[in-house]
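What follows is a set of notes on a single structure, which appears directly below.
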Number of protein chains: 2
Amino acid sequence: MRRQRHDMIAETRAKLIAAARQAFGAAGYAEASMDDFTAGAGLTRGALYHHFGDKKGLLQAVIHQIDAEMTARLNRVSAAAPNRWEGFVEECVAYIQMALEPEIQRIMFRDGPAVLGDISQWPSTNGCIAALSDSLRQLKAEGAIINIDIEVAARLINGASSHAAFWIANSDTPEETSRRAVDGFRALLEGLRVDKK
Amino acid sequence: MRRQRHDMIAETRAKLIAAARQAFGAAGYAEASMDDFTAGAGLTRGALYHHFGDKKGLLQAVIHQIDAEMTARLNRVSAAAPNRWEGFVEECVAYIQMALEPEIQRIMFRDGPAVLGDISQWPSTNGCIAALSDSLRQLKAEGAIINIDIEVAARLINGASSHAAFWIANSDTPEETSRRAVDGFRALLEGLRVDKK
DNA sequence: TATTTGACATACGCCGCGTATGCAACTAAA
DNA sequence: TTTAGTTGCATACGCGGCGTATGTCAAATA
């Protein structure tokens, strides 16, 4: 059966991605030994090189997976809000809070850009920026926000969020810092609105 | 003479920092071989370990040096402006543009945080955040900006700036992207003002 | 001048990566 | 069904980089 073989291959890839994701998230990219985490998945570095070319290729695959999950979560958050503006704000807040999760923090915001450069540059991955951009575009079309370059705004917000999360995550009092950051962030976003009531 | 010896030591340290700064800035932290760049400075890894403990320690020293230079530049920029608000805005713009320089980009915004964590957390280095905070504090005292947590605002702005710079630096058309980013950034900052005229 | 300290070099071993090679299972044609 | 070719993965090897332990020589101190 063709299926059998293809399924085995897909399973191998999935196991490698899962093991790498775990290792990168827990120990960091540089500290994660390929021998170690491939062995943990019952495989060897041979399989890794075969499927992903090198360590960076695996990181890329891991990032792609996480990005897809994050995008889905963001879309759910904005869809659940009472109106577009609130949806957008909640989306941003959710973004900050996702960046608090160590796995996302380390892989998406710390090691990813450091190892691969600006990920949002290559087309396959950056669902998150796209999600933010979409929300902003709609708000702009409705005249709800000031006249600002959409992509620029999305990236500035993205940067502020991830940086804030980084700060929070390294804080002595993450809870309190998180509250302060979110409050400040909301205030900053208010500056984008046309008619603040 | 005491001086002689102390000067030699200071010179050795300075040579190591300079060589590392060059190597980290050009090749990146991970790719820079300690053997290579110490040899380039006419020294060996022995000197490095003696003075800085390890590779991270050297990175720390390099970052400290660059941070001081950046802080001085920012202070000059804001001092040269016609008023506080303009000074603040120009400071932010200058921050983005400094982050365009490959050395600052790689060392301060890419490898630094990746290797050492949130640098602005440990006290010795974060002149830049402090400079931004000072400006914001004064503006707030004058009632020129909305009621927002100063430290939070400084960090959000810092994050947006560095991210914008990262984006610009990786862009196909850095010039144009830079203009767009700066314009958007100004618009975002306007949202902080109390009486926009 | 004898002794000690400290600045730096040298030497060694380990680990992690990348590549070259090997092998067994599967596929496809004869 | 046999056989030739392909593919998924493991094994084997070499290299370079890092950290440490040790050595050495000049300056500082007495």
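Residue numbers begin at 1 in each chain, while the letters A, B, ... track the order of the sequences.
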Begin with the C-alpha distance, continue with both residues' side-chain angles, and end with the deciding distance and a verdict on side-chain contact (heavy atoms from CB on, under 4.5 Å) for L192(B) and L139(B).
-> CA-CA 10 Å; L192(B) 292 176; L139(B) 285 167; over 6 Å; no
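- For D54(A), whose side chain is taken as the heavy atoms from C-beta onward, the closest listed nucleotide among dG18(C), dG16(C), dC8(C) is dG18(C).
- Phosphate contact (OP1/OP2 of dA7(C), side-chain N/O of T12(B), threshold under 4.0 Å): absent.
- In this structure, T44(A) reaches the bases: a heavy-atom distance under 4.0 Å links it to at least one base atom across the strands shown.
- Rounded to an integer number of Å, the gap from L48(A) CG to dC9(D) P is 11 Å.
- Using a cutoff of 4.0 Å between basic side-chain nitrogens and carboxylate oxygens, R155(B) and E151(B) are scored as salt-bridged.
- For the pair F52(A) CZ and dC17(C) C1', the computed distance is 17 Å after rounding to whole Å.
- Distances shorter than 4.0 Å separate some side-chain N or O of K55(A) from OP1 or OP2 on dC17(C).
- You'll find that the side chain of M34(B) is closest to dC18(D), out of dC9(D), dC17(C), dC18(D).
- In this structure, of dT20(D), dA7(C), dG17(D), it is dT20(D) that holds the atom nearest to the side chain of R45(B).
- With distances taken from any side-chain atom of H50(B) to the nucleotides dA7(C), dG17(D), dC17(C), the minimum falls on dA7(C).
- Under a hydrophobic clustering in which Ile, Leu, Val, Met, Phe, Trp and Tyr are joined whenever their side-chain heavy atoms come within less than 4.5 Å, directly or via other members, V77(A) and L132(A) fall into different clusters.
- Across the protein-nucleic acid pair, D35(B) atom CG and dA9(C) atom P stand 11 Å apart, rounded to whole Å.
- Counting non-hydrogen atoms under 4.0 angstrom, A39(A) reaches nothing in the nucleic acid.
- When rounded to the nearest whole Å, the span between CE of M8(B) and P of dA28(D) equals 11 Å.
- Nearest heavy-atom pair, G184(B) versus V152(A), reported as atom, atom and distance to 0.1 Å: CA-CG1, 3.8 Å.
- If you check every strand for non-hydrogen atoms under 4.0 Å, A30(A) touches nothing.
- Picking from dC9(D), dG17(D), dG16(C) the nucleotide with the shortest atom distance to the side chain of A47(A) gives dC9(D).
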